[in-house]
Amino acid sequence: MAALLCMVVFLLAPFLSHAADPDPLMDFCVADLGSSPTFANFPCKPASNVTSEDFFFDGLMNEGNTSNLFGSRVTPGNVLTFPALNMLGISMNRVDLAPNGLNPPHSHPRASESGVVIKGRVLVGFVTTGNVFYSKVLGPGQMFVIPRGLVHFQKNVGENKVVILTAFNSQNAGAVVLSTTLFDTNPSIPGHVLTQNFQVDSSIINGIQSNLGS
Ligand code: GLV
Ligand code: MN
């Protein structure tokens, strides 16, 4: 029995290690957002209701509002905003950064990210699982890549606004933003966990929480 189990795991291993968004089995499957998703994909809208409009998306045309704590805005072009991406395993974002704005350290659990700077000067950095920090200041036309799951950020280090377009090998890459993941949850992570983790007293934790607006 154990031998059989080992054999099954051995045979499945290549498939498991290459698991990603599933390959499409049809030309298209525009998501019916009114239904609940089954696994990663939404069920398809009936083909008879699909029009040209389904395959075009204006959502990344406009500047995002950066009047917030971080001076940044990420506008998603993923399956939830552009349902024709359903089942295709790709998506894009627009990132706007005001001067000095920061797209705060975050990671994407389901995708690698590539990006191209459209406007401005931006410091792009990421950290490996071995805590090595890689970074570079980029200008228009320059590209970067962030391997799946690694913590990264973009910061405007120029005098003008920054625009970046980012692309993902998932229709819904997900984002774990470190600051809010730890300090702005519902309900809150118990204070003693945070004070012990950061080796500080609770006034510092409370200060961070109130700075983040929670
Ligand atoms: C940038 O890091 C993005 O997630 O769009
Ligand atoms: Mn990102």
Side-chain angles (χ1 to χ4, degrees), residues 19-21 31 33 37 40-41 56-185 212-213:
D21 283 14
L33 295 184
N41 296 327
F56 301 93
F57 179 60
D58 290 343
L60 305 190
M61 281 172 59
N62 299 323
E63 182 176 346
N65 181 356
T66 56
S67 311
N68 53 52
L69 220 48
F70 294 109
S72 70
R73 175 71 55 184
V74 175
T75 307
N78 61 25
V79 68
L80 300 175
T81 55
F82 186 11
L85 294 176
N86 194 37
M87 207 187 66
L88 300 183
I90 54 172
S91 57
M92 294 186 78
N93 285 344
R94 170 183 173 134
V95 182
D96 286 281
L97 302 172
N100 208 37
L102 171 70
N103 184 16
H106 64 279
S107 68
H108 303 288
R110 294 182 285 277
S112 293
E113 169 178 330
S114 60
V116 60
V117 178
I118 306 298
K119 275 205 286 205
R121 268 168 58 76
V122 54
L123 172 67
V124 178
F126 73 91
V127 181
T128 67
T129 55
N131 285 353
V132 180
F133 175 55
Y134 293 99
S135 69
K136 186 168 179 176
V137 173
L138 301 181
Q142 290 186 293
M143 205 178 156
F144 62 88
V145 65
I146 312 290
R148 175 173 172 167
L150 298 188
V151 172
H152 60 283
F153 64 85
Q154 295 99 18
K155 177 159 172 137
N156 186 344
V157 290
E159 295 187 345
N160 303 310
K161 293 175 179 177
V162 159
V163 178
I164 306 166
L165 289 177
T166 52
F168 303 88
N169 59 336
S170 166
Q171 65 183 28
N172 189 7
V176 176
V177 181
L178 299 192
S179 49
T180 51
T181 291
L182 287 175
F183 296 105
D184 192 12
T185 58
L212 290 176

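Read the numbers this way: they start at 1 and go in the same order the structure lists the ligands and their atoms. Along the sequence shown, the residues carry numbers beginning at 1.
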Do the non-hydrogen side-chain atoms of [X] and [Y] ever get within less than 4.5 Å of each other?
X	Y	value
I118	L165	yes
F168	N93	yes
N103	L97	yes
H152	P105	no
V116	F144	no

Practice problem: Take every heavy atom of R94, measure it against each atom of ligand 1, and state whether any distance is under 4.0 Å. | Solution: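 Checking ligand 1 against R94, which is what was asked, there is no heavy-atom contact under 4.0 Å.
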Quiz item: Hey, does F168 sit under 4.0 Å from ligand 1 if you only count heavy atoms?
Solution: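 Distance cut 4.0 Å: F168 passes for ligand 1.
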Show me which atoms of ligand 1 lie under 4.0 Å from any heavy atom of [X].
X	answer
H152	2 (O)
Q154	1 (C), 2 (O)
T166	1 (C), 3 (C), 5 (O)
N93	3 (C), 4 (O), 5 (O)
V95	1 (C), 5 (O)

Quiz item: So which of the N, O or S atoms of E113 lies nearest the Mn ion (ligand 2)?
Solution: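 Among the N, O or S atoms of E113, the one closest to the Mn ion (ligand 2) is OE1.
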Exercise. Return the residue, atom name and 0.1 Å-rounded distance of the protein heavy atom closest to atom 1 (C) of ligand 1.
Key: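 Among all protein heavy atoms, the one nearest atom 1 (C) of ligand 1 is E113 OE2, 3.0 Å.
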Quiz item: Considering only the protein, which heavy-atom contact is closest to atom 4 (O) of ligand 1, and what is its distance?
Solution: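 Among all protein heavy atoms, the one nearest atom 4 (O) of ligand 1 is H108 NE2, 2.9 Å.
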Quiz item: Between E63 and K161, is the closest basic N to carboxylate O distance under 4.0 Å?
Solution: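 Yes, K161 and E63 are salt-bridged.
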Quiz item: Quick one: does ligand 1 sit under 4.0 Å from the side chain of N103, the backbone, both or neither, non-hydrogen atoms only?
Solution: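 Looking at N103 and ligand 1, just side chain atoms fall under 4.0 Å.
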Quiz item: Does a donor on one side chain and an acceptor on the other come within less than 3.5 Å for N172 and S170?
Solution: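 Side-chain D/A pair, N172 to S170: absent.
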Practice problem: Could you grab the angle centred on the Mn ion (ligand 2), going from NE2 in H106 to NE2 in H108, to 10°? | Solution: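 The angle at the Mn ion (ligand 2) comes to 100°, rounded to the nearest 10°.
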Quiz item: Only one of I164, V163, T166 forms a side chain to side chain contact (heavy atoms under 4.5 Å, CB included) with R94, so which one is it?
Solution: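 Of I164, V163, T166, side chain to side chain contact (heavy atoms under 4.5 Å, CB included) with R94 is met by V163 alone.
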